[in-house]
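Right, one structure below, let's go through it.
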Protein chains: 2
Amino acid sequence: MAVTIKDVARLAGVSASSVCRTLAAPDKVRPDTRERVQRAVAELGYYPNRAARGLITGRTGNLGLIVPDIANPFFPDIIKAVEARARELDYAVFLADTDEDPAAEVALIRAMSKQVDGFLLVSARCSDDELRSVYRDLPVVVVQRRVRHVPAVTFDDHDGILQAVGHLATLGHRRVAYVAGPRTSWSNKERQRILRLTTSAVGVELVDTGHAAPTLDGGTAVADLVLATGATAVMTFNDLMALGLLRRFRALGVEVPGDISVVGFDDIPLAELVDPPLTTIALAKQKAGRAGIDMLIGLLNNPETAAPRTVLPTQLTVRASTGPARRG
Amino acid sequence: MAVTIKDVARLAGVSASSVCRTLAAPDKVRPDTRERVQRAVAELGYYPNRAARGLITGRTGNLGLIVPDIANPFFPDIIKAVEARARELDYAVFLADTDEDPAAEVALIRAMSKQVDGFLLVSARCSDDELRSVYRDLPVVVVQRRVRHVPAVTFDDHDGILQAVGHLATLGHRRVAYVAGPRTSWSNKERQRILRLTTSAVGVELVDTGHAAPTLDGGTAVADLVLATGATAVMTFNDLMALGLLRRFRALGVEVPGDISVVGFDDIPLAELVDPPLTTIALAKQKAGRAGIDMLIGLLNNPETAAPRTVLPTQLTVRASTGPARRG
DNA sequence: TTGTACGCGTTATCAC
DNA sequence: GTGATAACGCGTACAA
């Protein structure tokens with residue numbers, strides 16, 4: 001059986017409340033009592049049960065972090081930043097993966113909600129209403145999404161996309177395909193919207209190839225469709241899909257960027273590793289994790305604040321997967 | 001405020017006990033009571049507080065999953081399998097990343113230990129004694145490690161390494177370098193031991209290049225050292241390090257496999273994506289996650305069992321990063 | 001300064 | 001079949 005506050009109290013020869021006090025406010029107990037308690041704590045390796053504490057204080061010291069897919073290298077960078085920052089602030093992070101399934105997302109939030117003080121939801125796939133309903137019960141910060149009345153950290157997709165479209169236009173591309181990500185993804189909708197605006201502004205035709213899974217296999221599956229559109233360049237919802245395209249293009253003998261240019265989104269660590277290295281729109285991932293936690297903790301300490309917003313920069317990173325348009 | 005069992009009881013016009021019973025054993029209450037309760041539960045969106053339940057039952061329904069580095073694509077495959085299997089069995093998984101830091105590992109286990117029913121520790125970096133001490137308090141299953149008296153799921157590294165060394169020997173390699181992973185890694189020690197055995201058995205010289213971080217950058221950093229050994233082939237502790245080597249080799253104009261062959265470990269999804277695709281020793285990752293959970297649940301239901309062991313297969317996957325040895 | 005008593009949300013036990 | 005009641009580990013008002 002795990003060691004409880006009573007075990008410590010018994011060993012130290014004091015009451016449970018004295019143990020509690022020693023831990024919470026060491027200067028409110030007599031030095032000799034304090035010392036006896038501290039020795040007992042050390043000897044038994046006592047560690048308070050945060051769940052039980054949460055029952056009475058309403059605070060567990062835990063935060064929930066939910067992402068759609070840990071296998072997508074985009075998320076680990078954010079997760080690492082979140083965990084590092086949370087550790088600094090003495091919070092534990094409970095991480096869960098929804099497998100891109102909105103239903104699983106809601107179920108997970110349900111299951112965790114009584115055991116955490118708040119949620120950081122990254123690229124949440126559930127509906128706005130569900131999100132707001134969670135927010136009614138518990139502090140929530142969404143990352144890479146925007147929902148009315150809910151605190152959010154987002155990326156300035158407009159800036160990055162503008163750079164990318166400008167880059168392609170300069171290279172002579174006049175027909176650009178976009179491979180969309182999940183229908184349930186807010187940022188996918190956003191990127192589609194921005195792409196329509198920016199391409200038409202510079203006289204580039206935007207071709208839609210429909211939705212695909214935001215994974216390697218998703219990209220691979222849609223590659224032939226992309227080629228069939230006759231586009232000289234393709235942008236994807238994320239880097240994994242772009243890498244999937246590259247894989248299929250190589251198998252088909254389609255040259256990149258000779259036959260077609262490819263632009264991804266996220267700048268995951270693999271992007272520069274493949275052949276050719278991937279041109280992509282980089283997001284300030286670490287900053288996002290840190291900003292998200294800081295915002296969440298702020299909400300915890302100050303629940304009545306209006307929903308804050310943070311927008312983080314994006315930056316086109318040009319590598320070898322983009323080049324001059326093949327002559328139509 | 002969150003909805004509690006009392007709220008449900010009040011709305012249904014019954015006692016808390018009846019609500020509890022309806023949820024645990026629906027057939028032990030009268031149909032009309034059951035229906036009233038179920039309607040109230042649905043209406044209020046009631047969900048029991050697992051932490052409070054754990055207080056009395058000694059079971060939280062949560063499992064702890066700890067990995068050294070989520071950013072290493074090796075782990076997400078295991079994590080996914082664990083979460084899928086846990087969900088089937090109606091357990092929630094609390095996942096944490098130790099950043100390859102043994103101290104953080106111990107701290108995390110401490111922090112979580114009262115909130116979970118057991119731990120699945122993947123590639124645990126802490127000492128044997130620390131591990132056994134955790135095991136005294138709580139059921140623990142280690143994956144990719146072996147500690148006396150502690151239940152374990154491991155991979156048959158011997159088989160995979162034998163295949164790899166045989167493969168290289170057949171290609172004419174007589175001098176093979178090994179880039180070691182973390183000192184704290186059990187499987188690194190194990191692989192080193194097996195390599196010494198198998199290479200000497202087939203008359204291949206094994207060159208040690210010392211330890212490096214089990215990451216892309218770790219591999220890149222050690223690349224020059226590898227070349228300096230004059231080895232015609234190099235094996236690494238994991239795929240990430242191998243990819244780091246490839247990156248540096250490309251920058252140096254060193255051809256793979258023309259100048260040097262490269263063999264990784266793990267078969268992460270990127271391995272077949274880079275150029276050249278990486279020859280690597282594949283591990284049954286999904287099976288490991290599933291087997292680990294099943295073993296852990298088994299322990300939960302039957303605490304007195306002797307520490308079980310499962311060994312999963314490994315398989316050399318030959319791709320283009322290995323070829324005939326350059327003529328000395 | 002210290003200990004007692006109570007309550008957090010839940011389940012197990014026992015009367016009824 | 002149902003409802004009090006106690007107990008889990010902890011924190012805090014209150015009494016001593």
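In what follows, chains are A, B, ... by sequence order, proteins preceding strands, each numbered from 1. From a predicted model like this one, the values you see are computed outputs, not experimental measurements.
- Distance from the side chain of A:Thr33 is smallest for C:dT1 among the nucleotides D:dG11, C:dT10, C:dT1.
- Checking the phosphate oxygens (OP1, OP2) of C:dT10, a side-chain nitrogen or oxygen of B:Tyr46 falls inside 4.0 Å.
- Distance NZ (A:Lys6) to C1' (C:dG3): 14 Å, rounded to an integer number of Å.
- Rounded to an integer number of Å, the gap from CG of B:Leu44 to P of C:dG9 is 14 Å.
- Other residues, nucleotides and ligands contribute only 12 or fewer heavy atoms inside 6.0 Å of the CZ atom of B:Arg110.
- Going from atom CG of B:Asn49 over to atom P of C:dC8 covers 13 Å, rounded to whole Å.
- Between the NZ atom of B:Lys114 and the P atom of D:dG11 there is a distance of 11 Å, rounded to whole Å.
- Taking atom CZ of residue B:Arg59 and atom P of nucleotide C:dA12, one finds them 12 Å apart after rounding to whole Å.
- In this structure, A:Lys28 does not reach the C:dT2 phosphate: none of its side-chain N or O atoms is under 4.0 Å from OP1 or OP2.
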For this session: Please step through side-chain contact (heavy atoms from CB on, under 4.5 Å) for the pair A:Glu130 and A:Val147, ending with a clear verdict.
Result: CA-CA 11 Å; A:Glu130 286 167 329; A:Val147 184; over 6 Å; no
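- Classification of B:Lys80 and A:Asp69 as a salt-bridged pair holds, one side-chain N sitting under 4.0 Å from a carboxylate O.
- Nearest-nucleotide assignment on DNA chain D puts the 5′-proximal partner with B:Asp27, out of B:Ala52 and B:Asp27.
- Using a 3.5 Å distance cut-off with no hydrogens or angles, the side chains of A:Thr60 and A:Gln115 do not pair a donor with an acceptor.
- Ring orientation note: the planes of A:Phe94 and B:Phe94 are close to parallel, at an angle under 30° on the 30°/60° scale.
- Counting to the nearest Å, the C1' atom of D:dC8 and the CD atom of B:Gln115 are 15 Å from each other.
- Atoms CG (A:Leu23) and P (D:dT12) sit 12 Å apart, rounded to a whole Å.
- Each of B:Leu55 and B:Ala24 lies near DNA chain C, and the nucleotide nearest B:Leu55 is the one positioned closer to the 5' end.
- An OP1 or OP2 oxygen of D:dG1 is reached within less than 4.0 angstrom by no side-chain nitrogen or oxygen of B:Arg30.
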Between the protein and nucleotides 4-6 of chain C, list every N/O to N/O distance that falls short of 3.5 Å.
residue, atom, partner, partner atom, Å
C:dT4, O4, A:Ser17, OG, 3.4

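- Rounded to an integer number of Å, the gap from CZ of B:Arg10 to P of D:dG3 is 15 Å.
- Listed here is the closest heavy atom pair of B:Tyr46 and B:Thr4: CE1-C, 3.6 Å.
- The pair B:Arg145-B:Asp128 counts as a salt bridge, with a side-chain nitrogen and a carboxylate oxygen less than 4.0 angstrom apart.
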